[in-house]
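The next block holds one structure in the form of structure tokens; read it before the comments.
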Amino acid sequence: MGRPGRGLKEVGRVLNFSAGPAVLPEEVLRQAAEEMLDWHGSGMSVMEMSHRGPEFISIAEEAEADLRELLEVPTEYKVLFLQGGATLQFSMVPINLLGGKASADYVNTGEWSKKAIKEAKRFCRVNVVASSEDANFSYMPVQEEWQLDPAAAYVHVCANETIGGVELNWIPATGDVPLVADMSSHILSRPVAVARYGVIYAGAQKNIGPAGLAIVIVRDDLLGKAPANAPSMLDYKVHADAQSMSNTPPTYAVYIAGLVFKWLKRQGGVAGIEARNIEKAKLLYDFLDGSTFYRNPVRKSDRSRMNVPFTLADSKLDAAFLEGAKERGMVQLKGHRSVGGMRASIYNAMPLEGVRRLVDYLREFEAKRG
Ligand SMILES: *Cc1c(COP(=O)(O)O)cnc(C)c1O
């Protein structure tokens, strides 16, 4: 019998700038390790528990209550813990919201918008009401340019383009048409006025927990509109009626998400973490802007606080840059293949000290090779 958590203290952790699956708070991982063999005296791991038993029910209920508290979710919204990642929501949104209407409005601001649009086209006519493709997705089209259709079933936006590093930092006005937002890569990084949205969804592996889990926040009046022949696992109402336990939920992922929510509350909630995120993003962008060697392509007003793409003046130095970063314990800085260069994802769980070390390295590399 080993002591729970034995050996953890000797573990060397990297600074993980991955876009996702991404860094989690070390405190959370340590707690999960401590509780791995015996959760709260139950004599079992959370992974081994019945999802209908009182232990897991308490874990799931607390996770939902904490998320509701963190995001101030109004009572007339359901919070669902689903599977299939954010990508399944690209289908579930049209299946559940079309309600017999022929079309939906989509704003095209990058790779994730494009994927959502492609999937929606399997179910309805898609009006691309605004796009930044003309400038390689480097900005968020202003609302005045959106050609919204009042007859559309809903308006879909990707609120933070993880690949392009473009963030929607205002709330679109869509009249009576429900606003749907993919918040996968910035949920819980800033306060959100949930009441202005019909549906908010997010894959968990950026700011919440293990990949595979998806969170859906849906207004009650949008439930029950899926067609009669929709698979029941794809019907929001089925999940809402069953408290997300229509089948066996991803229990361990829900448990980790719950630990992350508790950690966030200890950070002062969403407002507390936002202040830190602003500080982290400012540190990095200010450095990039002050340098002639590095460059971020995104319009300043639309820059993401979570995902910061940047290029080096000479792409032939990319490999040496990444190698040097790795030697200093900083990994996953390579940019997405569609953008090139580098990308630093600095989610909630990335400490300020991690961004400081990155900036120190950027400065050092420029001095040596720039
Ligand atoms: C990561 C991501 C997705 C896809 O998430 P999966 O869990 O892999 O399906 C969708 N949208 C955005 C904005 C993302 O960042």
Side-chain angles (χ1 to χ4, degrees), residues 51-52 54 56-83 86 88-89 92-93 95-99 153-157 159 168 170-184 186-204 207-209 213-226 232-247 249-251 253-255 257-274 348:
H51 60 296
R52 310 263 179 221
F56 184 74
I57 300 270
S58 77
I59 289 170
E61 284 180 352
E62 236 173 273
E64 180 181 338
D66 286 335
L67 180 60
R68 282 184 172 275
E69 183 184 327
L70 285 163
L71 291 178
E72 298 179 36
V73 178
T75 49
E76 65 272 21
Y77 283 72
K78 294 286 183 289
V79 173
L80 309 177
F81 290 79
L82 306 181
Q83 305 190 50
L88 187 56
Q89 295 311 308
M92 284 179 77
V93 164
I95 288 171
N96 284 276
L97 299 195
L98 280 171
Y154 58 90
V155 181
H156 181 280
V157 293
L168 177 67
W170 42 275
I171 305 179
T174 60
D176 292 333
V177 181
L179 177 60
V180 176
D182 175 358
M183 295 195 181
S184 294
H186 80 168
I187 192 166
L188 292 165
S189 71
R190 58 194 305 151
V192 53
V194 174
R196 302 278 296 275
Y197 296 82
V199 175
I200 290 169
Y201 65 89
N207 258 341
I208 295 174
L213 175 68
I215 305 269
V216 176
I217 303 172
V218 51
R219 207 173 62 213
D220 285 343
D221 64 285
L222 299 173
L223 297 170
K225 286 149 64 102
S232 46
M233 279 294 285
L234 302 186
D235 185 340
Y236 288 151
K237 186 160 193 308
V238 169
H239 293 288
D241 289 348
Q243 279 78 46
S244 303
M245 299 224 195
S246 159
N247 71 326
T251 50
V254 171
Y255 157 71
L259 295 185
V260 170
F261 299 154
K262 295 241 181 274
W263 173 82
L264 261 176
K265 286 168 73 174
R266 294 195 296 275
Q267 310 308 305
V270 172
I273 205 77
E274 180 188 37
N348 285 350

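Atom set for the values below is all heavy atoms of this structure, side chains included, hydrogens, waters and symmetry mates excluded.
- A heavy-atom distance below 4.5 Å is found between the side chains of M92 and L82.
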With side-chain contact (heavy atoms from CB on, under 4.5 Å) as the criterion, how do V260 and I208 come out once you've worked through the C-alpha distance, each side chain's angles and the decisive distance to 0.1 Å?
CA-CA 6 Å; V260 170; I208 295 174; 5.5 Å; no
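- In this structure, F56 CZ and E61 CD are separated by 10.5 Å, a value rounded to the nearest 0.5 Å.
- From D235, atom CG reaches atom CG of L223 across 8.5 Å, with rounding to the nearest 0.5 Å.
- Between the side chain of Y77 and the backbone N or O of V194 there is at least one donor-acceptor pair closer than 3.5 Å.
- If you take CD1 on I200 and CE on M183, they are separated by 4.0 Å, rounding to the nearest 0.5 Å.
- In this structure, A86 and A202 approach most closely via the heavy-atom pair CB-C, 4.5 Å.
- For the pair S232 and V238, the tightest heavy-atom approach, listed with the atom from each and the gap, is O-CB, 3.5 Å.
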Residue pair Y201, V218: steps toward the side-chain contact (heavy atoms from CB on, under 4.5 Å) verdict: CA-CA 8 Å; Y201 65 89; V218 51; over 6 Å; no
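- Residues Y236 and V199 are in side-chain contact: their nearest non-hydrogen atoms beyond the backbone lie under 4.5 Å apart.
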Does the pair V180 and Q89 meet the rule for a side-chain contact (heavy atoms from CB on, under 4.5 Å), with working shown?
CA-CA 11 Å; V180 176; Q89 295 311 308; over 6 Å; no
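- Across every non-hydrogen atom of E274 and P191, the tightest pair is OE1-CD, 3.4 Å.
- The minimum heavy-atom distance linking P178 with G198 is given by the pair CB-CA, 4.3 Å.
- In this structure, CG in D66 is found 3.5 Å from NZ in K262, a value given to the nearest 0.5 Å.
- Note that CG of L213 and CD of Q83 are 8.0 Å apart. Values are rounded to the nearest 0.5 Å.
- Side-chain contact between Y197 and I171: present, with at least one pair of heavy atoms (C-beta onward) separated by less than 4.5 Å.
- The two atoms that bring H51 and T251 nearest to each other are CB-CG2, 3.9 Å, heavy atoms only.
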| said: Pair T75, D220 - check side-chain contact (heavy atoms from CB on, under 4.5 Å), show working. | reply: CA-CA 9 Å; T75 49; D220 285 343; over 6 Å; no
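- For the pair L70 and G269, the tightest heavy-atom approach, listed with the atom from each and the gap, is CD2-CA, 3.8 Å.
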Please list every donor-acceptor pair under 3.5 Å in which a side-chain atom of residues 239-247 meets a protein atom from a residue at least two apart or in another chain.
residue : atom : partner : partner atom : Å
H239    : NE2  : M233    : O            : 2.8
D241    : OD2  : K237    : NZ           : 2.8
S244    : OG   : F81     : N            : 3.0

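- Note that CG of L222 and CG of N96 are 9.5 Å apart. Values are rounded to the nearest 0.5 Å.
- With hydrogens and angles ignored, the 3.5 Å screen pairs no side-chain donor or acceptor of N348 with any backbone N or O of L264.
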